[in-house]
Amino acid sequence: MILACHNIEKAFGEEVIVSGGSFHIEDHEKAALVGPNGAGKTTLLKMIVGEIQADGGNVVLTRGKTMGYLAQHQDMNNDHTIYQEVRTAKADILDMERQIREIEQEMKHLSGERLEERMNTYQRLTAAFERENGYACESEITGVLKGLGFTEEEFAKPVATLSGGQKTRVSLGKLLLTKPDILLLDEPTNHLDLNSISWLETYLLNYPGAVLIVSHDRYFLNRVVTKVVEIELGKLTTFMGNYTDYAKKKEMLREARMKEYLNQQQEIKHQEAVIEKLRSFNREKSIKRAESREKMLDKMTPVEKPMELHTDIHLTLEPSCVSGNDVLIVEHLSKAFPPQILFENVSFEIKRGEHVAIIGDNGTGKTTILKILNQVLKADSGSFRLGSNVKIGYYDQEHHVLHMEKTIFQEISDDYPNLNNTQIRKVLAAFLFTGDDVFKLIGDLSGGERGRVSLAKLMLSEANFLILDEPTNHLDITSKEILEQALNNYTGTVIFDELLHSGNNEERFIKCRFAQGGFIRDSFQFYDVPKQDALRRYMDDYLRKDTESLRLSGLSSHQIGLLEKGCVI
């Protein structure tokens with residue numbers, strides 16, 4: 001056993017996060033921590049690493065073992081380049097090397113006891129440097145960065161210019177270079193593209209240490225974990241097996257408990273009816289028999305009715321007005337973060353009612369083009385214009401449109417001052433924020449909770465042109481499906497950026513959106529997407545990079561080439 005949590009207690013005011021929770025992780029074990037948004041998964045991880053103090057209980061890490069933590073929200077030095085930021089993970093070794101070089105220079109000018117003293121220090125540091133494989137430090141950093149999909153040309157790219165997915169990869173690279181005995185990963189697949197997720201799956205499966213993962217990607221968990229720890233209604237429950245095994249066992253337990261509850265309720269009603277009848281006889285013998293049965297009922301241990309978690313958000317997207325037929329016209333748009341050119345001379349049009357997806361690997365400019373369209377960034381050249389009566393609603397993957405210092409209630413009331421308190425509470429309740437929850441600070445919310453606030457604002461905007469930057473990131477499985485259905489029913493225009501994750505909800509999400517009339521395109525031309533069945537086949541083939549199957553699906557060589565390069569919309 002490498003990690004154990006014993007009788008953990010944590011509450012924020014009257015809100016109980018966990019009560020008497022216990023679980024353990026064995027050496028080399030791969031486990032998942034699951035639960036709905038806001039259940040306390042991230043809070044529990046922070047208690048394990050010591051960022052938050054538990055109210056009771058204790059966390060035990062085996063003596064001599066190390067722990068590494070990948071958080072949802074990354075703290076980085078924006079003045080660093082990618083290489084400099086990842087290099088900080090080896091700060092101890094690099095500092096050791098600096099000391100060795102300084103002593104080498106000192107010893108040139110020393111003699112006698114002072115020289116012997118510095119020589120002893122030099123030998124001690126050199127031995128430690130070799131044990132830590134210090135001479136291979138720089139090559140190891142390079143190897144990890146390349147493994148996470150960064151090219152050598154990107155090593156000098158400033159952290160401040162990175163996309164959400166690139167920042168996640170940088171943080172993951174830093175963590176992996178520390179080689180802890182147990183990895184704690186909070187939503188590691190958020191923002192990652194197909195290749196990066198595949199690399200991470202393989203890495204974790206072969207990782208010699210233990211891993212505890214928080215993720216809403218059930219397919220990723222199915223491939224990686226062999227144990228699931230569930231946090232629900234303040235309780236921790238451990239299930240052996242992968243996510244599918246957990247889901248089946250959980251449903252079986254719920255059904256068994258419901259059956260036990262119903263049987264007991266039936267027995268109680270039967271006994272109460274018998275007692276009432278015996279008392280109606282109004283005879284001493286009958287009354288004693290009734291009292292005996294009442295004592296039996298009093299001694300009966302009540303079975304609690306299994307609680308149904310109400311985790312379904314209520315999302316309706318409906319434009320307040322109809323736009324003109326021409327919604328967006330982009331002409332010769334270009335953007336670069338030297339030395340990297342993201343895209344050049346891009347021109348396209350989007351018509352009313354079209355739903356367009358931008359897909360591709362991390363760092364190819366998907367988020368950048370959406371930020372340009374929403375005037376968060378400026379293009380280097382080219383232009384775009386909106387059609388008549390177009391009203392934009394913007395969803396930002398990093399939730400920069402939210403104000404961390406405001407409460408949830410203030411976030412809505414400040415942006416929509418015409419709503420009264422009752423109306424605001426009604427809207428927030430539809431997104432699972434009730435009671436005192438509405439007074440939580442945005443900065444204290446989990447990624448999924450911030451996502452729900454952003455969706456609430458998106459719904460209230462009544463926009464007829466939605467610009468969505470990775471809208472399913474951080475959302476739990478149920479919320480993703482509800483968002484998908486809301487967009488299916490949306491009568492306005494949509495352009496969104498969603499990464500292709502093999503086999504998970506995002507993949508199905510993209511298929512569904514494409515089938516609603518999306519397009520694939522190179523820099524200059526659009527191509528109608530095939531119907532649903534053909535679409536499902538060619539998207540699956542794209543994920544497998546199966547060129548022969550792509551040809552059989554009816555796509556041209558030019559279209560196949562675009563898909564293989566990832567330069568598709």
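- In this structure, V211 and V224 have side chains that are not in contact, with every pair of non-hydrogen atoms separated by 4.5 Å or more.
- Residues Y83 and E138 have side chains that bring a donor and an acceptor to within less than 3.5 angstrom of each other.
- Looking at residues two or more places apart in sequence or on another chain, you find no salt bridge (Lys or Arg N to Asp or Glu O under 4.0 Å) involving D79.
- Within 6.0 Å of atom CG in D92, 12 or fewer heavy atoms from other residues, nucleotides or ligands are found, so the atom counts as exposed in its surroundings.
- If you check the side chains of H6 and N58, you find no donor sitting under 3.5 Å from an acceptor.
- Considering only residues two or more places apart in sequence or on other chains, A39 meets the side chain to side chain contact (heavy atoms under 4.5 Å, CB included) condition with P36, I231.
- When only modelled atom types and interatomic distance are considered, D469 and T367 share a side-chain donor-acceptor pair under 3.5 Å.
- Considering only heavy atoms from C-beta on, E29 comes within 4.5 Å of T226 through its side chain.
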Evaluation steps, side-chain hydrogen bond (donor to acceptor under 3.5 Å, both in side chains), between S334 and D380: CA-CA 6 Å; S334 299; D380 295 338; over 6 Å; no

In residues 21-28, what donor-acceptor pairs under 3.5 Å come from side-chain atoms, sequence neighbours left out?
| residue | atom | partner | partner atom | Å |
| --- | --- | --- | --- | --- |
| S22 | OG | N7 | N | 2.8 |
| H24 | NE2 | E26 | OE2 | 3.2 |
| E26 | OE1 | M1 | N | 3.2 |
| H28 | ND1 | P208 | O | 2.5 |

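- Screening residues 141-153 for salt bridge (charged side-chain N to carboxylate O under 4.0 Å, His left out), with sequence neighbours left out, gives K146-E152.
- Take V330 and apply the side chain to side chain contact (heavy atoms under 4.5 Å, CB included) test, not counting sequence neighbours, and it matches L328, L333, F348, L373, F384.
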For E116 and N120, run side-chain hydrogen bond (donor to acceptor under 3.5 Å, both in side chains): C-alpha distance rounded to whole Å, both residues' side-chain angles, the deciding distance at 0.1 Å, then the answer. CA-CA 6 Å; E116 184 176 350; N120 290 335; 4.7 Å; no

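- Listed by chain and number, the residues in a salt bridge (Lys or Arg N to Asp or Glu O under 4.0 Å) with R101 are E97, E104 (sequence neighbours excluded).
- Considering only heavy atoms from C-beta on, L177 comes within 4.5 Å of I141 through its side chain.
- By the salt bridge (Lys or Arg N to Asp or Glu O under 4.0 Å) test, E117 is found to be paired with R114, residues two or more places apart in sequence or in another chain being considered.
- Counting heavy atoms from C-beta outward, F12 and D444 have side chains that stay 4.5 Å or more apart.
- Shown here are the side chain to side chain contact (heavy atoms under 4.5 Å, CB included) partners of T178, two or more places apart in sequence or in another chain: A89, L175, P180.
- You'll find the side chain of L70 stays beyond 4.5 Å of the side chain of L183, heavy atoms only.
- For the salt bridge (Lys or Arg N to Asp or Glu O under 4.0 Å) test, residues two or more places apart in sequence or in another chain that qualify with K250 are E230, E232.
- By the 4.5 Å heavy-atom criterion applied to side chains, I103 and M119 are not counted as neighbours.
- Identified under the ring pair (Phe, Tyr, Trp, His ring centres under 6.0 Å) test for residues 92-144, with sequence neighbours left out: F129-Y135.
- Contacts of K179 classified as side chain to side chain contact (heavy atoms under 4.5 Å, CB included), with partners at least two apart in sequence or in another chain: E140.
- Partner of L185 under the side chain to side chain contact (heavy atoms under 4.5 Å, CB included) criterion, chosen from L212, L204, V214: L204.
- Around the CD atom of E113, the shell of radius 6.0 Å holds no more than 12 heavy atoms that belong to other residues, nucleotides or ligands.
- Between F337 and L342 the shortest side-chain heavy-atom distance falls below 4.5 Å.
- Judged by the 6.0 Å and 45° rule, K157 forms no cation-pi pair with F155.
- Within the structure, every pair that satisfies the salt bridge (charged side-chain N to carboxylate O under 4.0 Å, His left out) test and touches residues 41-66, not counting sequence neighbours, is listed here: K10-D55.
- Counting heavy atoms from C-beta on, the side chains of I82 and L145 come closer than 4.5 Å.
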